[in-house]
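When a ligand or atom number is given, it counts from 1 through the structure's own listing order.
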Amino acid sequence: MPKIVIIGAGIVGCSLADELTERGYYDVTVIEKGKLWNPGGSTSHAPGVVFQTNGSRTMAQFARQTVEKLYNLHHNGENCFLKVGSLEIATTRERLAELYRRAGFGMSVGINARVISPDEALKLNSLLAPNKVLGALYVPDDGIARAKLADEVMGKRSTSLGAKFIAECEVLAIDQSDGRVTGVQTTLGSFPADIIVCCAGIWGPKIGAMVGMSMAIQPLAHQLCYTAPMPELASYKGEAELPVLRHQGSDLYFRQRGQSLAVGWYGHRPLPVKAEDILSCELAQVMPSQMPFTPEDWRGAMEHAIEVIPALKDVGIAESMNGLFSFTVDNMPLMGEWSGLKGFWVAEAVWITHGCGVARAMAEWIVDGHPLLAVHECDVNRFEPHQLGALHIEERGTQNYIEVYDLLHPLQPMESPRPLRTTGFYQRQQELGGFFLEASGYERAQWFEANAALLARYTIPPRDEWSSKFWSPIVGAESCAVREGVGLFDITTLKRMEVIGRGALEFLERLTTGNLRKKAGSITYCLLLNEKAGILSDITVMRRGEQDFFIGVNSNIDINYLKQSAPDTVHVRDITAGTIGLGLFGPKSRELAQSLTYDDLDNKALGYFKLKHTYLGHVPVMLARLSYVGELGYEIYTTADLALKLWDTLWKAGKNYGLIAAGRGAFNSMRLEKGYRSYGTDMTSEHNPHEAGLSFAVRKGEGYKGAEAFNKLNPNEMSKRLVCLVLENPEHVVLGKEPVLHQGKTVGYVTSAYFGHTIGKQLAYAWVPAELSAQGISLTIRYFNHDYPAIVGTDPQYDPQMTRLKS
Ligand SMILES: Cc1cc2nc3c(=O)[nH]c(=O)nc-3n(C[C@H](O)[C@H](O)[C@H](O)COP(=O)(O)OP(=O)(O)OC[C@H]3O[C@@H](n4cnc5c(N)ncnc54)[C@H](O)[C@@H]3O)c2cc1C
């Protein structure tokens, strides 16, 4: 059994000790520099307001698990969670619409969430201003986490099973040997460890620095006040009965504390703090995570608060603080074992709301090798190098603080710092009027204004106001034009790596589901599975030589995973930044490419899923005969220095073939018509290949990770399936993440959705119970407050015979 040291006894550290000991991992030592059970971290002062609804399924599920766990924990006979419910109120039409969207997020993960009328909201909280509220999102199971009490209960429970809590003991250094942790040095001496889990909250960056890790979190101060007792609350005797309340339109939230209200405010200027500047327990006035209140930043808070709760007008403030907690560059926590040091794990930037769910996933990960929920969005190894710079962390962390309650469109990119990464084609794409969004820090065009003239050729259905943000009908025109002719897509932003060296084939065979024993020049689409046959990623393996593979992957998580698993003789290298990729897709792509090379590109010479090294004009390239948009075509790769030359070469020759530049919007619409899944959106580690419709990518037999579990699966006995829903009315647009209903009951959720311009139908891929996955079954998709009828259709909708791709 491994020796585990947890740094920090906040909600995350205490929950983790509890989860580990419950799983039989008893050799757990929690080291805490403060006093138990009020050690002075963020958990010690947070009001514990819990709103479970979240645009991320994983985060919403972490929240559900936290509520469930805390509700069932008791401290001196009292629940550690007060299920008082929550109200998120809207005072504008826009915000009211958003509440319906949020209700959909909640419903799709089984949270009881519904939008209620102003009268109903007033009945639940009589403090609300009549005539001000247009509606509210009501979640009866939300409420207040009594986190300090819960910490004590979980701490004592885990202690009774063997865990040790060492208080007033500060971790000063991490010991390591041969790339592994061996222990921690503290103010009370050394503690050996095989696994160290950093649950140090706002001090995370300090602990990270001890092992040379840049932790992508930014501590920020956040203002919170408690009012003096209010006459309107005089009749309340307990801690809280009123639902917790949020008014995102004014950056405010509220909770009852006996006869007073806590008012939290995100509307002030961001107040970033460096982890190393946080005061010690001895020097801090109240506790280290509380900075002195800055009244000048509170200005405006009460005026906004009074607008929705008039009773606050004449109430004084009894307590106030600038409390510290962490924000990240992408608003998601950091979880998992850091790839830079074996045995060094982190669970950081976690709200109380998600604390117990995160801890459960961490314990499963440590004990079983993988968590049950999909955690790729939270994986500590997900970041690009540019995301780990101090300036970037501060700027993005700060921006995320500002936007925490903002109404954000799913495609909305961060405003700054941009442009950050640009591909070698950026200049040309700008000249063509590219409309850029951000992908992995890269500027990536959604469509090109230069293609506006194509709109005269095609009829593109209109969209509603919300779905037409970051969209143009040109997206549709581009996809139609590519299906008829040929288009150039910048695919540089998709990650690629190489795996080279003695044993590379055997190594890849062990980790992937693909049949890779094919001649050099072959391409294989396959999967990475975990031990339970959950899908970790889908990858495209291109065999360049005997022991030389070029692999298209989904993220840094894949690259780190392969790096960690590779034997010494095999080199795994991220080559994304040093190379560029173009997709030349469409029925005229072969003629165009052929016009630029003496090598034979005929179907026999370069068949489907084959690759060739050749020259296009003067540019040495690898041509890979595949296309994610379901047309004849090539992925073309070369080194970054040749980007412009390659673009210009193709562009010039393309004049004879009607070549257009096409953006990511067209790419997504076309891939959905062809039924091509996108990892992280359409399937995750929560799904197996049969459920996701990807069993064709799994080789027969054994010898790869996940084989044992996969071979035990009966494809006819799946509980859920990914299906292609076709909306009955092609003008009904959905965007993804909407709940799917059957006879009024939520049964699933949409993953990707787009209008298929070739087939003239609105498509939505969705997870539904297997018994509702047969073609022809009628379901409903809830988009805001509209119910759109849809039918389970064929998958894929476009070219199921693959004639376009293989011709
Ligand atoms: C004003 C305010 C209001 C908030 N309101 C809410 C809310 O309503 N709902 C919600 O969900 N979240 C809320 N949050 C966020 C939430 O409080 C935090 O995200 C959460 O408590 C973090 O828990 P943690 O266990 O990761 O960290 P912490 O609770 O900070 O625990 C980390 C522990 O690590 C210890 N430690 C650090 N370094 C060392 C070391 N070197 N050696 C030993 N021990 C060390 C610290 O002493 C500390 O006790 C709020 C935050 C603030 C500031």
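N381 places a side-chain N or O within donor-acceptor distance of the main-chain N or O of S339, the cut-off being under 3.5 Å. The closest donor-acceptor contact from the side chain of N125 to the backbone of L242 lies at 3.5 Å or more, if one exists at all.
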Open item on the list: Applying ring-ring contact (aromatic ring centres under 6.0 Å, His included) to W37 and F165, what does each step give before you reach the verdict?
Closed with: CA-CA 10 Å; W37 304 97; F165 278 70; 5.1 Å; yes
- [ ] Using the ring-ring contact (aromatic ring centres under 6.0 Å, His included) rule, take H268 and Y401 through it: C-alpha gap first, then chi angles, then the decisive distance, then the call.
- [x] CA-CA 10 Å; H268 57 83; Y401 183 89; 5.4 Å; yes
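Within the 4.0 Å heavy-atom criterion, neither part of A147 lies near ligand 1. Contacts between V12 and ligand 1 below 4.0 angstrom, taking non-hydrogen atoms only, involve backbone and side chain alike. The proximity of L324 to ligand 1, defined as any non-hydrogen pair under 4.0 Å, is limited to the backbone. Residue contacts with ligand 1, taken as heavy atom pairs separated by less than 4.0 Å, involve H45 solely via side-chain atoms from C-beta onward. No part of S44 comes within 4.0 Å of ligand 1, judged by heavy-atom distances.
The atoms of ligand 1 that sit less than 4.0 Å from any heavy atom of W351 are 10 (C), 11 (O), 12 (N), 19 (O). Residue Y253 approaches ligand 1 through these ligand atoms, each under 4.0 Å from one of its heavy atoms: 3 (C), 5 (N). Short contacts between ligand 1 and G8, defined as distances under 4.0 Å to a heavy atom of the residue, involve ligand atoms 33 (C), 34 (O), 35 (C). Per-residue contacts place H222 under 4.0 angstrom from the following atoms of ligand 1 (heavy atoms of the residue considered): 1 (C), 2 (C), 3 (C). Residue-ligand proximity, W203 to ligand 1, at heavy-atom distances under 4.0 Å covers atoms 37 (C), 38 (N), 46 (C), 48 (C).
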Would you list the atom pairs, donor with acceptor, under 3.5 Å between side chains in residues 135-147 and any protein atom, with sequence neighbours excluded?
| unit_1 | atom_1 | unit_2 | atom_2 | d |
| --- | --- | --- | --- | --- |
| D142 | OD1 | Q52 | N | 3.1 |
| D142 | OD1 | Q52 | NE2 | 2.9 |
| D142 | OD2 | S86 | OG | 2.7 |
| R146 | NE | E239 | OE1 | 2.8 |
| R146 | NH1 | E78 | OE1 | 2.8 |
| R146 | NH1 | N79 | O | 2.9 |
| R146 | NH2 | E78 | OE1 | 2.8 |
| R146 | NH2 | E239 | OE1 | 2.8 |

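Under the ring pair (Phe, Tyr, Trp, His ring centres under 6.0 Å) criterion, F293 pairs with W298, not counting sequence neighbours.
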